Amino acid sequence: VQLQASGGGLVQAGGSLSLSCAASGRTFSFYAMGWFRQAPGREREFVAVINWGGDSTYYADSVKGRFTISRDNAKNTVYLQMNSLKPEDTAVYYCATGSGYMPVFVQDYAYWGQGTQVTVSS
């Protein structure tokens, strides 16, 4: 599986961005899909995950109520809608394919996209 993330950019605090992650391969719908982020000098952290069928989601407390993960298996694409952005959301955002039902740990993800930069100015 190859993943291509897009949609990052520069936005003011309180603004919104929508990230997309397009996957190649016919097995996309077999995987849970997750979003992670990594800020400079910090470890990669979990943001959100969606199960293979798209009917279950789970979020990090830091983004709950502001971010929404979704997927379209017909388009082999997973999305992350980010609203009410804060400067602390600034990071490189990565999508990844996960093993298991709703994985939240980096080590449970096998394939990673290249990342897309999100910068939130105050």
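These values consider heavy atoms only, across backbone and side chains, with no hydrogens, waters or symmetry-generated copies. All of these numbers come straight from a predicted model, not from anything done at the bench.
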Are any non-hydrogen side-chain atoms of [X] and [Y] less than 4.5 angstrom apart?
{"X": "L3", "Y": "Y94", "result": "no"}
{"X": "I69", "Y": "Y58", "result": "no"}
{"X": "V78", "Y": "C21", "result": "yes"}
{"X": "L85", "Y": "F67", "result": "yes"}
{"X": "Y109", "Y": "V49", "result": "yes"}
{"X": "Q117", "Y": "T90", "result": "yes"}
{"X": "V118", "Y": "M82", "result": "yes"}
{"X": "V106", "Y": "F46", "result": "no"}

Shortest non-hydrogen contact between [X] and [Y], atoms and distance:
{"X": "A32", "Y": "G100", "value": "CB-O, 3.9 Å"}
{"X": "S16", "Y": "Q81", "value": "CB-NE2, 3.9 Å"}
{"X": "N76", "Y": "N73", "value": "OD1-O, 3.1 Å"}
{"X": "Y79", "Y": "W35", "value": "O-NE1, 3.4 Å"}
{"X": "T97", "Y": "M33", "value": "CG2-SD, 3.6 Å"}
{"X": "V1", "Y": "A23", "value": "CG1-CB, 4.2 Å"}

Going by side-chain hydrogen bond (donor to acceptor under 3.5 Å, both in side chains), name the residues that satisfy it together with E45, two or more places apart in sequence or in a different chain.
R37

Taking the side chain from [X] and the backbone from [Y], do they hold a donor-acceptor pair closer than 3.5 Å?
{"X": "R71", "Y": "G54", "answer": "no"}
{"X": "Q114", "Y": "Q4", "answer": "no"}
{"X": "S24", "Y": "Q2", "answer": "yes"}

Do [X] and [Y] share a hydrophobic cluster, counting only Ile, Leu, Val, Met, Phe, Trp and Tyr and linking them when any side-chain heavy atoms are less than 4.5 Å apart?
{"X": "V11", "Y": "V63", "result": "yes"}
{"X": "Y111", "Y": "Y101", "result": "no"}
{"X": "F30", "Y": "W112", "result": "no"}
{"X": "M102", "Y": "Y31", "result": "no"}

Can you name the side-chain contact (heavy atoms from CB on, under 4.5 Å) partners of A22, sequence neighbours left out?
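Listed in chain order: T77.
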
Please indicate whether [X] has more than 12 foreign heavy atoms, meaning atoms of other residues, nucleotides or ligands, lying under 6.0 Å from its [atom1].
{"X": "F105", "atom1": "CZ", "answer": "no"}
{"X": "Q12", "atom1": "CD", "answer": "no"}
{"X": "W52", "atom1": "CH2", "answer": "no"}

Cut-off 3.5 Å, side chains only: do S99 and D108 have a donor facing an acceptor?
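Distance-only check fails for S99 and D108.
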
Using the rule given for salt bridge (Lys or Arg N to Asp or Glu O under 4.0 Å), can you reason through K64 versus D61, listing the C-alpha separation, both sets of side-chain angles and the distance that settles it, and then say yes or no?
CA-CA 5 Å; K64 198 173 298 182; D61 287 345; 3.1 Å; yes

